[in-house]
Amino acid sequence: SLVVSTRSARVALPFQMAGAPSQATKVLAPLVAVGMAGCFYWFAEPRLRAALAPIVPARLYGEAEFQVAPSFQGSRPGWVFKTDHRGVGYYCDKEE
């Protein structure tokens, strides 16, 4: 087995290095890298962009449309209990 030394550790690899890279390796390595970059662009990039996008509430409530309540204190007609951009409490359930 091949022993690779670094400043912090010696690692024994379970295979022998074949020597200098072949011409096929020199040609295929950039193609594989481009393929991986293309896969990232088409599959992972939109999901990553969506995950990092700022969260915008569906509706912004005014002061008159919010009542602070640390816990659920029963149902109120026209109000819904939830956590939104103003905090935990009752929010007006009427459409804008």
Side-chain angles (χ1 to χ4, degrees):
S1 68
L2 178 68
V3 176
V4 178
S5 295
T6 64
R7 290 184 184 180
S8 60
R10 282 178 61 117
V11 178
L13 299 176
F15 56 86
Q16 290 288 331
M17 297 296 288
S22 67
Q23 189 65 28
T25 303
K26 291 178 182 177
V27 170
L28 291 176
L31 294 175
V32 169
V34 167
M36 290 174 63
C39 287
F40 174 79
Y41 179 77
W42 287 107
F43 297 108
E45 190 269 341
R47 289 172 181 81
L48 181 63
R49 187 178 303 272
L52 297 177
I55 298 172
V56 178
R59 177 179 173 198
L60 296 176
Y61 293 90
E63 287 185 34
E65 299 175 309
F66 173 69
Q67 295 177 357
V68 177
S71 62
F72 183 72
Q73 299 166 352
S75 63
R76 298 180 186 175
W79 295 84
V80 62
F81 182 80
K82 65 179 182 176
T83 301
D84 212 326
H85 69 283
R86 290 196 169 266
V88 179
Y90 287 90
Y91 289 83
C92 185
D93 198 25
K94 298 175 185 161
E95 294 295 321
E96 292 183 69

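Not measured: the values here are computed from a predicted model.
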*Asks:* In this structure, would F40 and F43 fall into the same cluster of hydrophobic residues linked by side-chain contacts under 4.5 Å?
*Replies:*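 Different clusters.
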
*Asks:* Indicate if W79 and F81 have the same hydrophobic cluster label, given that clusters are the connected sets of ILVMFWY residues with side-chain heavy-atom separations under 4.5 angstrom.
*Replies:*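 Both belong to a single hydrophobic cluster.
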
*Asks:* Which heavy-atom pair separates R86 from E63 by the least distance, and what is that distance?
*Replies:* NH2-N, 3.6 Å

*Asks:* What are the two closest heavy atoms between P70 and V88, and how far apart are they?
*Replies:*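 Shortest heavy-atom separation between P70 and V88 comes out as O-CG1, 4.1 Å.
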
*Asks:* Hey, what do you get for CZ (R47) to CG (L52), rounding to the nearest 0.5 Å?
*Replies:* 14.0 Å

*Asks:* Starting at CD of E65, measure out to CZ of R59 and round the result to the nearest 0.5 Å.
*Replies:* 4.5 Å

*Asks:* Which word best sums up how the rings of Y61 and H85 line up, parallel for under 30°, tilted for 30 to 60°, or perpendicular for over 60°?
*Replies:* parallel

*Asks:* Looking at every heavy atom in both G74 and Y90, which two are closest together, and how far apart are they?
*Replies:*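 Result for this residue pair: O-OH, 2.6 Å.
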
*Asks:* Under a single-linkage definition using a 4.5 Å side-chain heavy-atom cutoff for Ile, Leu, Val, Met, Phe, Trp and Tyr, are V80 and F72 assigned to the same hydrophobic cluster?
*Replies:*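 They do not share one cluster, since no chain of ILVMFWY contacts under 4.5 Å joins V80 to F72.
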
*Asks:* Quick one: closest heavy-atom pair of P30 and V27, and the distance?
*Replies:* CD-O, 3.3 Å

